[in-house]
Visitor: 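Shown below is the structure under consideration.
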Amino acid sequence: NAGVTQTPKFQVLKTGQSMTLQCAQDMNHEYMSWYRQDPGMGLRLIHYSVGAGITDQGEVPNGYNVSRSTTEDFPLRLLSAAPSQTSVYFCASRTRDRGSSAFFGQGTRLTVV
Amino acid sequence: AQKITQTQPGMFVQEKEAVTLDCTYDTSDPSYGLFWYKQPSSGEMIFLIYQGSYDQQNATEGRYSLNFQKARKSANLVISASQLGDSAMYFCAMRPTNAGGTSYGKLTFGQGTILTVHP
């Protein structure tokens, strides 16, 4: 089983460039989320979705856009990359069940120079 | 708003001994779930154990147990018989579990504790 697949695994961007981090899951999970992990700060929620066509902001949404046109895919868009967006990004999915745990992708290490 | 606090940046334990990783939380949600994740040096996030706020018994999963003290708002992870492969970063996390609430989808993490197991 593929689970949650993130692409790319590594990316270097120049300031001002745009890009999309891809996330796909094959478990038919309703809920999907994007987190960023910075040293000493744990994981912080960027955006999340409770189903196709429904998204909401997390703790640190500025500079990022999301959309969810299908259950399987939840791409994260950086419109104009900034050095402050240098981080490791994780996508996660889970069912809507009360005690369900999130399944995480392998992460994308993004460096903005 | 939810908050998770892990006060131990790093912990050391001898192989085969038990270790407790601390986690305290704060929330105004009446129903919530607490999670522990392991992140080895390879970077992936591995789910370890879950505790619901209304569960009567403390959760256990193999060598992992969760010491849940609701009145003290603590959810400490206990790892028994530590192994070298337990060396990793450990995160405590929580989210509301009252469906329909605006925060239902939001998982909040603590800062993490790095555990080092010595042979």
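Quick note on labels: first sequence line is chain A, next is B, and so on, each numbered from 1.
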Visitor: Give, as side chain, backbone, both or neither, the part of Ala92(A) having an atom under 4.5 angstrom from any heavy atom of chain B.
Guide: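 Neither part; nothing is under 4.5 Å.
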
Visitor: Relative to chain B, which segment of Gln57(A) carries a heavy atom at a distance below 4.5 Å: side chain, backbone, both, or neither?
Guide: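 Backbone only.
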
Visitor: So which part of Ser100(A) gets closer than 4.5 Å to some heavy atom of chain B, the side chain, the backbone, both or neither?
Guide: both

Visitor: For the OH atom of Tyr37(B) and the CZ atom of Phe104(A), what is their distance to the nearest 0.5 Å?
Guide: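 Going from OH on Tyr37(B) over to CZ on Phe104(A), the span is 5.0 Å.
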
Visitor: Under 4.5 Å, counting heavy-atom pairs only, tell me which of Gln6(B), Met45(B), Glu44(B) racks up the most with chain A.
Guide: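 If we count pairs closer than 4.5 Å to chain A, Met45(B) comes out on top.
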
Visitor: Counting only heavy atoms closer than 4.5 Å, note whether Gln37(A) contacts chain B via side chain, backbone, both or neither.
Guide: side chain

Visitor: Do you reckon Phe91(B) sits in the same ILVMFWY cluster as Val88(A), going by side-chain contacts under 4.5 Å, direct or chained?
Guide: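 Yes: a chain of side-chain contacts under 4.5 Å links Phe91(B) to Val88(A).
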
Visitor: At a heavy-atom separation under 4.5 Å, does Gln39(B) approach chain A through its side chain, its backbone, both, or neither?
Guide: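 Contact with chain A: side chain only.
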
Visitor: Could you report the tightest heavy-atom contact between Lys106(B) and Leu45(A), atom names first, then the distance?
Guide: CG-CD2, 3.6 Å

Visitor: State yes or no: do Val112(A) and Trp34(A) share one hydrophobic cluster built from I, L, V, M, F, W and Y residues joined by side-chain heavy-atom distances below 4.5 Å, directly or via other members?
Guide: yes

Visitor: Is there a continuous path of hydrophobic side-chain contacts, each under 4.5 Å between heavy atoms, that joins Tyr35(A) to Leu21(A)?
Guide: no

Visitor: Does any N or O in the side chain of Tyr48(A) come within less than 3.5 Å of the main-chain N or O of Leu107(B), such that one atom is a donor and the other an acceptor?
Guide: no

Visitor: Report the option among Ser101(A), Gly42(A), Gly107(A) that has the most heavy-atom pairs separated by less than 4.5 Å from atoms of chain B.
Guide: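 Between Ser101(A), Gly42(A), Gly107(A), the count favours Ser101(A).
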
Visitor: Using a cut-off of 6.0 Å, state whether more than 12 heavy atoms not belonging to Arg44(A) lie near its atom CZ.
Guide: yes

Visitor: Are Tyr31(A) and Leu43(A) in one and the same hydrophobic cluster, where Ile, Leu, Val, Met, Phe, Trp and Tyr link if side-chain heavy atoms are under 4.5 Å apart?
Guide: yes

Visitor: Verify the neighbour count for atom CZ of Phe103(A): are there more than 12 heavy atoms of other residues, nucleotides or ligands below 6.0 Å?
Guide: no

Visitor: Flag yes if more than 12 heavy atoms outside Lys70(B) fall under 6.0 Å of its NZ atom; otherwise flag no.
Guide: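 Check passes, neighbour count above 12.
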
